[in-house]
Amino acid sequence: MNQHLSFIRLFNKKSDLLCLFVLFFFSVSLQARILSALEVESLSLISSDYVRSSDKNFHLLGLSLQTEKESTSSFGLDAEGWISTNQSTLSYLNVRELYYQDTSFITWAVGRRLHFWSNVDRVWSLGHMQPLLRWNPLDAQEQGLAGVFLSGSTWWGGKWTFFISPLFIPDQGPGYELKDGQFQTTNPWYRTPPQNIQFQGQLLKVDYILHQPETKSIIQRPTYALQWASDSLQQLRQGHFENNFWLQMTAASKPVNQLSLAYRPTLVTNRVRIDLYPDVYSEKILAADLGYEKPSWRALFSALYSEPDGLSSDESLDRPDVRPSLALGPQLSCDLFKMTWTLSYLKINGQRTIDIGPDQSNDRVSFSERFLFHEAAQLQVDWQQNWLQKMLTTSTLAYQASGAEQFQKIQFKTNLNWRGPWNIWAQLILIDSAENSSSGISTYRDLDQFWLGVKYEM
Amino acid sequence: MKCNLLKKRWSSLVLIGVSFFILSSCDNFLKGRSTQENTLKVEKASLNCLKTVSNHVQRYLQAQASSEEIEQTLSCVDQALFELQTRAEGQSEADAFSVDDLDQIFSQFLKEEQISRLSIQSVLKFKAALWNGSEVSMSKAEINRLRLFLKTLQVEAIRLNSWMGLFQFQKQDGLSEKSVSEAFTQLQLSLKNILHMTDLASSGYQWSSFKTLLEQLDFLNSSQKELLQQATVVLNLLMDQQIISTKNDLDLVIQQVTEVMRLHAFQVYHYVDFDIQNSTQLNKLVIYIQDWLNLLENSLQYQRTQLISAKTLDPFVHEIFKKGLLPADLQETTAITFYKKVLIRLFQPGLQIDTTDWKGLGPEHFVGLKKEIAIFRIYLRWIDQATLSNDLVMQGVGRYSLKSLQTSMQSYASDRQIDLLDGFSASEQAQILVAFNELRSEFVQQRPVLYRFQKMVIARNQEIWDQNWDDLTRGLLGKILAREWLRGWGDFNKTGQVATSSLSLSQMQVWLSDFKDFGEQVKLFDPRSKNLATVLFSQGDLLTYAADGDNRLEFFEAIQLVNMMLSGSKALDEMQSHLKQIGCNQSERDVFGNFFNNEKCLIQDLKQNYKAYFSNLSYLNVYLSKLTDADFEKFYQSLMELSRVEATQAGIRVDTSDLRAFVTLLYDIESLYATFDVDGNMGFSPAEIRAGYPRFKDFAKDYAYKYEKPQIDLFNSWIGTVAGYSCYAESDLIRESFIFLAYTGRIPEVSDLNAAPCLFGHSLISFSGEVDRKIIINTFKILKDVLGS
């Protein structure tokens with residue numbers, strides 16, 4: 001659903017790679033150690049019922065730039081750009097991080113930077129705190145907040161982090177193509193809005209008009225976030241288990257990363273024109289993570305409460321009725337058989353978002369629904385394996401299921417590294433849901449996908 | 001170590017293998033289409049009511065809708081209009097809907113209503129008339145105006161709801177006259193309230209367009225469509241081609257349309273009755289007729305053209321005909337030509353009867369009709385006042401002696417009936433008063449027309465028959481009809497007064513020619529009759545009280561003849577009704593469409609019920625009561641022989657014409673006895689016949705010259721002188737022969753004369769006894785032979 005919200009294009013596709021090259025040379029000028037890689041990917045949509053686009057196989061050529069993890073450089077970069085050779089709407093630029101930091105007086109950073117704000121938000125890709133790259137809706141990736149990060153220690157112990165930004169960058173969705181009032185079905189990731197409307201029993205064709213707001217009115221929105229984390233968290237990450245408990249608490253006031261979408265259907269004799277009005281609304285977030293960790297297992301309870309501010313939309317429009325929600329995410333993880341086993345659970349309290357307005361219907365889920373599902377459990381296994389000292393495979397198998405929402409998803413990814421510049425990786429994502437499932441994820445049940453990629457690190 | 005390493009590797013391989021196995025076995029994952037809805041469903045519950053709008057409108061028109069339903073319906077329409085206003089756009093103009101736009105929208109969302117493109121064009125035309133906008137599109141501003149209009153419409157629709165049945169003239173119980181009047185007053189107010197919100201008055205919009213619109217929308221049932229057609233006829237009558245151009249015009253039309261409806265409702269619900277029942281009813285009827293006249297006179301058509309054109313009047317008469325308000329068997333063409341002929345004869349003297357070129361009702365008709373109504377009302381007021389007065393001598397409940405009534409009539413100040421004379425010019429008032437005095441003169445004379453048992457009294461001692469309101473009013477009706485007869489077909493145009501006017505035989509023939517179709521179709525005239533004019537004329541000129549045999553039908557003769565005809569018809573109706581009741585009808589029908597009656601059955605019924613049928617002929621009753629059954633039958637046979645049209649049917653059956661002639665003959669006989677049986681001994685003496693002879697003088701002379709010329713010549717010759725007849729003149733011979741005829745029913749022979757009467761001082765012919773009713777029939781046989789009927 002959220003893909004519909006990504007109407008604000010922050011980057012022009014044609015200039016995506018150009019941006020990436022600019023970033024590259026900028027990084028080099030700052031003498032940062034940049035790991036760059038060229039990648040070739042192949043995507044096959046393997047469901048026999050896939051009909052979103054005429055093509056089922058896509059090829060992408062990509063360039064990724066990443067500062068070394070261990071680098072002491074004050075510059076951080078994690079970005080990638082992809083060009084599809086056979087479908088331009090699949091091309092995208094993903095700048096996860098791009099920042100400059102300094103630790104001379106207090107630790108501060110400016111730019112886009114990933115931060116661990118809330119475990120439930122991160123594990124389940126809820127997109128509350130940090131925007132998501134929803135290019136592939138079944139494999140959303142977090143992107144950093146853009147602004148100024150300040151952090152330091154408190155006199156009573158623990159670490160505080162304060163984030164402030166006058167700018168807002170929302171989720172980055174898949175590319176779309178709107179031609180003659182019709183959303184084109186060229187991008188498999190993009191879920192086209194309904195092409196027909198059944199109004200009073202009559203089936204009519206829909207023409208869309210997107211009233212794109214001024215970029216300034218979208219991005220000029222302040223974001224504040226404050227976090228306190230116990231010292232033990234840092235110590236545990238560094239392998240010191242003196243104190244097994246850790247706690248972090250976050251409060252934020254920020255625009256919601258997913259744009260809301262108000263709309264107005266207008267009957268134009270025998271067709272319906274739908275005027276779309278994307279907008280931003282704000283929310284207040286309170287999040288807390290409480291963890292207990294031992295060297296071979298970890299337990300964690302994470303909660304996130306979100307209270308959206310009311311929308312100021314015109315009442316003559318159909319608009320989302322946004323309500324507070326509480327996401328609860330316990331997690332248990334252990335190392336067993338050289339593997340890391342993680343069991344996670346998600347429960348979001350609160351009704352699915354519906355639209356209110358002239359055409360209000362309690363049965364219809366809003367275009368602005370934020371979550372693919374509200375309740376699910378996941379078992380994930382991660383492991384690495386050396387092969388003859390020359391090959392390293394890194395694999396992840398995740399099984400996600402929900403009885404309440406009647407879906408299950410399997411995601412398997414493995415990466416093969418020859419101890420050299422070459423990497424080969426494969427990923428399989430399978431999704432299944434009941435025919436009558438009310439879950440948002442069921443709209444992607446035909447997006448079973450197989451990836452194969454080759455990466456050359458320069 | 002190596003072994004452990006291998007173990008770990010193999011365990012990883014196994015895990016990967018198991019994983020792939022699990023994944024490859026998940027065939028279900030690779031199936032299933034996206035559950036994404038490709039169709040956005042928008043169902044506005046508030047618009048579902050549109051499906052019931054048509055039904056509710058029909059229920060409203062059929063007077064079955066509740067106030068809640070009206071509110072719901074109009075609220076629903078308002079909601080739909082709001083949606084159209086705020087949620088829809090036209091293809092070429094966002095703020096306006098063209099015919100194409102509306103056609104497409106309606107064909108999608110109001111499929112069941114089947115609103116045609118033509119209907120939409122008509123709606124837009126109507127809308128343009130209401131708000132002076134475009135005829136080819138409807139703007140959103142107009143929709144807004146329409147919504148405001150609907151609010152007023154809702155208020156008025158609820159106000160009118162309880163009367164919807166009445167407005168369609170449906171049968172309803174317990175409706176009072178007052179409530180009917182209130183309903184149409186409310187209708188008038190509501191229509192004004194509704195239409196004052198529009199620019200209709202200045203739009204030039206024609207009713208025909210609105211009618212077309214209603215027909216195209218197709219929600220009217222058959223009776224409502226019929227009402228629509230009638231409304232069209234009425235509006236044409238009121239407006240013709242006149243355009244409403246001001247608010248006053250519109251108000252006038254609304255007022256008049258509702259007035260037409262009220263008047264029609266009064267008739268449908270029987271608040272007016274075209275009959276004579278009582279003072280209130282009759283006065284109401286007269287006012288009702290006046291209201292129609294006022295309505296037409298104040299109509300837009302008449303106000304602007306001084307004419308109610310025949311082309312608008314004819315369809316109106318056609319509708320009246322269709323609704324059965326005219327005599328059932330009257331053909332439409334007859335009705336339409338008949339009313340024109342009557343109007344031309346009565347109010348356009350000198351104009352040739354050419355109904356095809358007749359223009360319509362003009363000032364002369366309105367003035368003339370109003371004058372005649374005023375004359376009638378002045379007389380009727382006297383009747384009302386006299387029969388309510390305590391000054392008169394009452395002889396029973398509501399009955400008054402003739403003498404006291406005549407005295408009252410003499411002193412009645414007709415010129416003080418200001419309210420009835422108001423609105424007329426001085427000369428017209430004078431004409432009205434003269435006309436009234438003419439009518440008065442008939443009543444105050446020695447032998448006026450009197451009624452009893454709804455029939456004209458024909459009796460020697462009629463002055464003893466006291467009168468009530470009904471008797472006097474029936475007499476008045478006869479007088480008025482006779483007046484109009486002379487006015488229309490006599491020489492009224494020359495004399496200017498009815499009292500001095502008369503009708504000649506030729507004029508009577510003209511009248512009969514005008515009335516022939518009408519009379520035959522309403523079963524008054526026998527189509528087989530060849531010389532009805534002569535028969536009627538002779539009846540009036542010879543056999544009424546006032547008859548003088550001067551070959552002219554004067555006012556009193558006409559009055560008495562009309563009343564005898566009306567009373568005869570009444571007696572005939574009573575007889576036929578009773579004959580049917582007792583089973584005397586045969587299966588076949590006569591030329592009037594009535595059943596033949598078995599003659600034996602008729603005779604039996606007459607024997608038993610003659611007193612009822614001829615209750616107004618008191619002396620006849622006495623005479624018949626003294627007859628034996630055999631004599632009664634002989635008397636009947638003699639009369640019927642004279643009355644019967646087809647002699648072959650004697651003893652078998654009688655038809656309507658036979659019975660009518662039978663009754664008429666009795667009336668004629670009684671009229672003679674009432675006038676000339678001075679001693680009241682139920683027989684004519686020669687002296688009494690001689691007293692009545694003057695009126696028959698010309699007839700007798702003509703007859704004598706025709707059939708007795710040789711005898712007359714012989715009587716006048718020297719032979720007659722030698723035979724001792726010289727002391728008698730020819731006129732004496734004819735008179736005495738007439739008396740002989742009355743006594744014997746034949747012409748006297750020479751041998752019937754007394755021998756040498758002059759020598760012996762004898763009468764010319766000797767008569768013994770008196771001529772009773774049985775014998776006088778013989779005279780009528782001669783009359784019939786002479787008249788050829």
Student: Return the option, out of Arg271(A), Arg264(A), Gln408(A), with the maximum number of heavy-atom pairs under 4.5 Å with chain B.
Tutor: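 Ranked by heavy-atom pairs under 4.5 Å with chain B, first place is Gln408(A).
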Student: So how far is it from Ile105(B) CD1 to Gln202(A) CD, rounded to the nearest 0.5 Å?
Tutor: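 If I round to the nearest 0.5 Å, the distance is 12.0 Å.
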Student: Counting heavy-atom pairs under 4.5 Å to chain A, which of Gln91(B), Gln104(B), Gln108(B) comes out on top?
Tutor: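 Among the listed options, the one with the most contacts to chain A is Gln108(B).
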Student: Please list, in residue-number order, every residue in residues 137-154 of chain B that has a heavy atom less than 4.5 Å from any heavy atom of chain A; write 'none' if there are none.
Tutor: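 Within residues 137-154 of chain B, no residue comes under 4.5 Å from chain A.
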Student: What residue, out of Leu267(A), Leu203(A), Ile274(A), Asp318(A), has the most heavy-atom pairs lying under 4.5 Å from chain B?
Tutor: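 So the answer, after comparing Leu267(A), Leu203(A), Ile274(A), Asp318(A), is Leu267(A).
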Student: Answer with side chain, backbone, both or neither: which region of Ile431(A) has an atom nearer than 4.5 Å to a non-hydrogen atom of chain B?
Tutor: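 For Ile431(A), the backbone is the part near chain B, not the side chain.
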Student: What's the separation between atom CD in Glu83(B) and atom OG1 in Thr266(A), rounded to the nearest 0.5 Å?
Tutor: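 If we round to the nearest 0.5 Å, Glu83(B):CD and Thr266(A):OG1 are 10.5 Å apart.
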Student: Which residue out of Asp448(A), Asn270(A), Thr269(A) racks up the most heavy-atom pairs below 4.5 Å with chain B?
Tutor: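 Answer, by heavy-atom pair count under 4.5 Å with chain B: Thr269(A).
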Student: For residues 375-394 of chain A, which residue pairs pass the salt bridge (charged side-chain N to carboxylate O under 4.0 Å, His left out) check, not counting sequence neighbours?
Tutor: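 The answer is Lys347(A)-Glu375(A).
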